[in-house]
Structures are given as C-alpha cells and as structure tokens.
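All remarks here apply to the structure that follows.
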Protein chains: 2
Amino acid sequence: MCEHGNVAAMEAASEVGVDTRWSEMLRTYHTVSNELEHELQAGHGLGLSDFELLKALCRCCGPDKAKVRMKDLEAEMYLSQSAFSRTVTRLEKAGFVERAECGFDRRSNFLAITDAGGERYRSAAETYRAVLNEHFA
Amino acid sequence: MCEHGNVAAMEAASEVGVDTRWSEMLRTYHTVSNELEHELQAGHGLGLSDFELLKALCRCCGPDKAKVRMKDLEAEMYLSQSAFSRTVTRLEKAGFVERAECGFDRRSNFLAITDAGGERYRSAAETYRAVLNEHFA
DNA sequence: TGACATCACATGCGCGCGCATCTAAGTTGC
DNA sequence: GCAACTTAGATGCGCGCGCATGTGATGTCA
C-alpha cells in the first residue's frame, strides 16, 4: 500500500483518525468531568470550575506572591469572562478567595486565596488526583 | 536515572503527566467544542449535541435499517437520558428526525431520520470535518 | 390474577454557561 | 482638557445540562 502515494486513501484514513480522536475525547471528557464534578462536590463542596480556579490561583501565586490580577488568572482558564466572574463570586461567598483593590488601576481587582481556601484546595486535590489516576494511569 | 527503580520519583513524574494530560484535554475540549458549536450553529442551525445525535443516528441506522430504538441510541452517546430526550424533541420540532411507535413495546420509541435531516447532516458534516482537521491534523 | 419491581421516556427544577450589555476607570489624540 | 476609544469587571437573559420524579407499559413471582 501507499506505493503510489494514494492521497485520497491517506486523506480518508486521516479523516477517520481525526473523527475518532475527537469522539474519544468527547467520551473521555464527559466521563472524567462528570466523575470529578461528583467527587469534588460530594467530598469538598466544590464544582469542577471552582477547583480549577483554585488550582490556577495557587499556581499563579506561587509560594511567594499572594495576589493575582483577575484578568491574568482568567487568561489561564477555559472559562468565559462572565463565568469566571461568577465563579470568583461563588468562591468568595464560600470564604475561599478574597477580592482586593488594586492601587494602580482601580478597574482591576487582585485575587487572593484565603487560609480556608488553601486547606480546602489541598484536600480536594487528593480526590482530584485519585480520579485522574483512575482514568489516565 | 531509574537505576534503583525509584518508585517515588516515577509516581511523581506519572502524576504530573496525568495532570498535564487532563489539563490539555480540558483546554482542547473547550476550544474545539466552542468552535464546533459556533460553526454548526451559524452555518446549519445545529448545536453540537444535535449534530452528534444525527451522526449517531446515521451510523446506527446504517444504509439499510431506517429506525433505531431511542434507548439504544442514547447508549451510544454521552448525554444523560433527559438531555437526550430533549435533544430529540428539538430535532423533531425542526423536522430532522421522527419518533415512531414500536409495536412490540409500547414504552419504546423508534427514531428515524427524515430526508431533511439527512441533507442537513451531510452539509453540517463538512463543517464538522473542517473544524476537526484544523485542530487535529 | 394481583402486588410489586423495572423499564422507556417525559418533565419540573435549579444551576452553570456564554452572549450581550452596562458601568466605571484608564488611555489616546487633537 | 475634552471626546472617543479601550479595558476590567458585573449582570440580565436565555439555553442546555443533570437530577429527581412522574406516567404508563412490561416483566416477575406467588
């Protein structure tokens, strides 16, 4: 096969492959995100987006910095601006993050994780890792 | 490295890999599904779940069979039972599928694709393939 | 045959999402 | 310094989703 450089066949095979890759991703994504959603909610009272935001916040803050601009954190995530804003509101009501004014630019808000937020994140992260290992390891 | 079979290091590396795999899947999934959603909606008036249902229906029907039991089709998809039921309702209102009674079991419904549904599916499938090739090829 | 579990599907409900829009604050150009 | 534009973030709105439940038909067991 391929001795004539059969482009049509290669394209066909390639398209089937692309389609299959997407179908598998769709199935895996729904399976894993549903399980994460359930486990995080049941065990820690967090939705998946809540957790992913806390995760990004911890990563962006690093060990030294305590605050991140909301816009910068938003850029790290898959959420729309409005969904991001509401997720922050949820987490703030729960006491896991705090909005703080930014002296330089009064349009911006800094975002900081609270002690309670850090603790909740670390315990939820164990559940998170367990679920991912179960599906990807 | 690995000369002592360093299990801790391997586990750590493995966990990072799992986490990264999931993060990339999350990003890719949202990027691709958003683009599919937009392109299919703008070009063909179909949501992604609408399209995926038509796709599964065409696949299950094959070239000969004309009908599939709803439960069987549902099992092929990632949607919950309720979301599946409503997707069928949307597609039926649009005239792309038809529910038909099943003589054997009056709880069940057969599902059939209409001519309009077949045509819409085939033209949408070109858009679908184009988007997937753009991201996976 | 009658009581009970199960199945296929529909539907009320609440929620998180993206889109469009709004407000307030910063920026640019004349 | 003022008008026009851009940016950060909040919010009204509609929609699709999953969960829980309802309805009616089927299967099961005594």
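Residue numbering restarts at 1 for every chain, and letters A, B, ... go by the order of the sequence lines. Reckoned from all heavy atoms, side chains included, excluding hydrogens, waters and symmetry mates. Note that the coordinates shown come from a computational prediction; the quantities given were computed from them, not determined experimentally.
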Nearest whole Å is fine: how far is [N] [atom2] from [X] [atom1]?
X        : N       : atom1 : atom2 : value
Glu74(A) : dT7(D)  : CD    : P     : 13 Å
Glu35(B) : dG18(C) : CD    : P     : 15 Å
Tyr29(B) : dC17(C) : OH    : C1'   : 11 Å
Tyr78(B) : dC17(D) : OH    : P     : 7 Å
Leu48(A) : dC17(D) : CG    : P     : 17 Å
Lys93(B) : dG16(D) : NZ    : P     : 11 Å
Asn34(A) : dC17(D) : CG    : P     : 12 Å
Arg69(B) : dC7(C)  : CZ    : P     : 12 Å

Exercise: do [X] and [Y] side chains pair donor with acceptor under 3.5 Å:
X        : Y         : result
Ser49(B) : Arg90(B)  : no
Glu24(B) : Tyr29(B)  : no
His44(A) : Thr127(A) : yes

If you restrict it to nitrogen or oxygen atoms, what contacts under 3.5 Å exist between nucleotides 23-26 of chain D and the protein, and what is each distance?
{"unit_1": "dT26(D)", "atom_1": "OP1", "unit_2": "Arg106(B)", "atom_2": "N", "d": "3.2"}

Sugar-phosphate means primed atoms, P, OP1 and OP2; the rest is base. With that split, encode nucleotides 10-15 of chain C 5' to 3' as B, S or - using protein heavy atoms under 4.0 Å. BBBB--
Salt bridge or not between [X] and [Y]? Use side-chain N to carboxylate O under 4.0 Å.
X         : Y         : answer
Glu101(A) : Arg106(A) : no
Glu74(B)  : Arg69(B)  : no
Lys55(B)  : Glu52(B)  : yes

Glu35(A) atom CD: more than 12 heavy-atom contacts under 6.0 Å: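 Yes, CD of Glu35(A) has more than 12 neighbouring heavy atoms, counting only those of other groups under 6.0 Å.
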Which is true for Ser108(B) with a 4.0 Å heavy-atom rule: it touches a base, it touches only sugar-phosphate, or it touches nothing? sugar-phosphate
Report yes if at least one side-chain N or O of His30(B) is closer than 4.0 Å to OP1 or OP2 of dC17(C); otherwise report no.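 No, His30(B) has no side-chain N/O under 4.0 Å of OP1/OP2 on dC17(C).
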Side-chain N or O of His38(A) less than 4.0 angstrom from OP1 or OP2 on dG18(D)?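 For His38(A), the contact criterion (side-chain N or O under 4.0 Å from OP1 or OP2 of dG18(D)) is not met.
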Could you tell me how the ring of His30(A) sits relative to the ring of Tyr78(B): parallel (under 30°), tilted (30 to 60°) or perpendicular (over 60°)?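 Taking Tyr78(B) first and then His30(A), their aromatic rings lie parallel (interplane angle under 30°).
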Do the side chains of Leu54(A) and Phe110(A) join up, straight or via other hydrophobic residues, at under 4.5 Å, putting them in one cluster?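 Different clusters.
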State which of dC9(C), dA8(D), dG18(D) makes the closest approach to the side chain of Lys71(B).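 Side chain of Lys71(B) sits closest to dC9(C).
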